[in-house]
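Remember, it's 1-based here, ligands and their atoms both numbered in the order they're listed.
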Amino acid sequence: MFRYQRFVNLDNNATTDVSRPVRKRVDGVLRRCHGNPSAAYGLARAAATVLQDSRELVASAIGAESDEVYFTGSASEANNQVLKASCELRPPGSNRILTTPIEHPSIMHTLEYLAEGGVEVVTAPVDDRGRVSVEGLEVLIDERTFLICCMLANNEVGTIQDVRAVAALGRRRQIPVLSDCVQALGKIPVDVRALGVDYATFSAHKLHGPKGVGALYVRCESPMLPLLHGGGQEAGMRAGTEGLHSIAGFAEACRQLPELLARSDTISARRDSLLAALREMRPDLVVHSPAERCLPNTLSLRFPGARNADLMAALDMNGVAVAAGSACGTKENTASHVLLAIGLTDEEAGETIRISLSDETSERDLRHATRAFRDYFEHRTASIPLLRPSCVDEAFLCDEQNYLLDIRFEIERKLMKGLPNSYNASVVSFGRYVHQIPKDKNVIVVCSTGIDATPIAYSLHKRGYRRVSILLGGVVGWQIQHPKLYKRFGNQNIKKLTPRR
Ligand SMILES: Cc1ncc(COP(=O)(O)O)c(C=O)c1O
């Protein structure tokens, strides 16, 4: 029988859905604007006009001039570009970058990469809410410092940094400042001129725009180098024919910004009412997000004693999506660096979830979500554990007590090898395979990324399987964690279950 399942997305810091006006705009450009903006005929000129109009819209949304905005394939790319170009352009003798410990992985990992090449990366401390102090940064500046990097709003705890003060410090000491403004745009007003930064980065999909398009702001007098070389697109700063439909979609999302920002009080009121309901349920909950200078939609919470992976899986079963740490970190096997930086232990980080609302989160959604939390805490929802990929090592794979059930689609099996010793069943008409799955073993449901496994795991649980878990991150997560095992043993000793007629 068909049962209506309500889906409530409380993970809007990971991404937002594409709004109707953006979809319409993207579709219109795809249908009508086929030209290459760099060519020199009528069709191309129409495309060039769309590109220029889009640039002006995005520029005006962030308080920049249009020739200060470059479109990129993502904010991660833009962050890479600023960091790598700054290194290449640094004055002789300069070798230090100052940053905070709660930056996005696209900053952190790029800095780690640059550190391997000899750049000294120095991290200023943050307090228990993720706030960095200007004084804390200033004492770390020396004559070799050539860049300060400080995000405007944190994606995990929602902390808004005093970037204006950081940029003033940079100006005083003649050090350029990069600010990752990805989470801020669409949630709080952003004006790069007023902030006074030299570089800022943005991503369309955080404000109901398409994925795969970002923007890089470079203050007119600040130096920059391309990351991608090739044609002269984006004034020579980013080679590659522009994805015009995505860029136009980004601009359309920016056009909707005033309406989006006008709803931020409603969003924060809804977030606070959800918090009050959760607090009533669990008076011991701990809030990591700051009470002031916090994104209006974001809430980082710890429920002592509740494993976030279990809670997430149980909520997911009720159609409610929340995150543990950031989406980019979910497949990694470590506690969130942001939570550790604000002073949590590994265990506390493992009890923390991030809730992030959007302007589309309704009161009804929140009632549904509150019910799902209550069901979990009052033990009305079965809890299916998530198994970290690091646990699935060679010994685990050879243990006869473990039964790896691979429910990927055939096309996914062609794209990636399966875990050794696993049993293949089809997710379509799954009920016809169940009789062969042993009840006395640890059944680990494996899909491509960990998402499709949830309903299957719960359906097994309902059928009386008590030792069921889900491989977190699926085959993709496991392959990242164990590249050697994947290469050597992937696809070995796979057995195909046969469906009952
Ligand atoms: C703070 C922050 N910076 C950068 C990014 C990367 O954006 P993109 O997905 O466009 O690479 C994200 C995305 O999660 C983010 O939250």
Side-chain angles (χ1 to χ4, degrees), residues 9-18 22 58 62 69-84 99-112 126 130-132 149-161 163 166 177-188 190 192 195 197 199-217 227-228 238 240 243 246-247 249-251 253-254 289 294-300 321-332 336-339 341-342 354-358:
N9 179 12
L10 295 181
D11 191 20
N12 289 280
N13 283 5
T15 196
T16 52
D17 59 352
V18 178
V22 170
V58 173
I62 61 168
V69 171
Y70 304 95
F71 289 113
T72 61
S74 63
S76 297
E77 180 191 320
N79 282 335
N80 267 263
Q81 182 167 354
V82 178
L83 295 175
K84 290 174 182 169
T99 188
T100 83
I102 62 166
E103 299 294 311
H104 185 263
S106 58
I107 297 272
M108 303 265 300
H109 292 166
T110 310
L111 288 175
E112 280 163 23
V126 289
R131 290 171 291 225
V132 69
C149 176
C150 177
M151 72 197 321
L152 181 53
N154 180 264
N155 44 315
E156 289 189 40
V157 286
T159 311
I160 298 171
Q161 306 287 13
V163 168
V166 174
V177 172
L178 157 65
S179 187
D180 172 335
C181 298
V182 168
Q183 289 292 344
L185 192 64
K187 301 186 184 101
I188 55 171
V190 178
V192 285
L195 286 174
V197 294
Y199 309 108
T201 53
F202 303 91
S203 182
H205 72 99
K206 306 290 182 181
L207 54 142
H208 301 296
K211 294 168 189 45
V213 55
L216 165 61
Y217 161 76
L227 185 65
L228 301 181
R238 205 270 183 178
S246 302
I247 290 171
F250 188 0
C254 286
S289 304
C294 180
L295 289 176
N297 74 324
T298 306
L299 201 49
S300 172
V322 299
S326 73
C328 313
T330 305
K331 287 185 187 140
E332 291 169 16
S336 141
H337 68 281
V338 175
L339 298 177
I342 64 171
R354 173 187 73 182
I355 292 174
S356 48
L357 280 65
S358 89

Problem - Gap between atom NZ of Lys206 and atom OG1 of Thr15 - 0.5 Å precision - result: 6.0 Å
Handout entry: Per-residue contact class, Lys206 against ligand 1 - non-hydrogen pairs under 4.0 Å
Key = side chain
Problem - Distance, nearest 0.5 Å, that separates CG of Leu178 from SG of Cys149 - result: 4.5 Å
Practice task
Please indicate whether any nitrogen or oxygen in Ala75 is less than 3.5 Å from any nitrogen or oxygen in ligand 1.
Solution key: yes
Problem - Separation of Asn13 CG from Asn155 CG (nearest 0.5 Å) - result: 7.0 Å
Problem - Any N/O pair Asn79/ligand 1 closer than 3.5 Å - result: no
Problem - Main-chain N/O of Ser76 paired with His104 side-chain donor or acceptor, under 3.5 Å - result: no
Practice task
Flag Ser106 as yes when one of its N or O atoms lies below 3.5 Å from any N or O atom of ligand 1, and as no otherwise.
Solution key: no
Exercise for the section: Determine whether the side chain, the backbone, both or neither of Glu77 has a heavy atom under 4.0 Å from any heavy atom of ligand 1. Expected result: neither
Exercise for the section: Please could you name the atoms of ligand 1 that Met151 approaches to less than 4.0 Å, counting only its heavy atoms? Expected result: 1 (C)
Exercise for the section: Taking Ser179 for its side chain and Cys181 for its backbone only, find out whether a donor-acceptor pair lies under 3.5 Å. Expected result: no
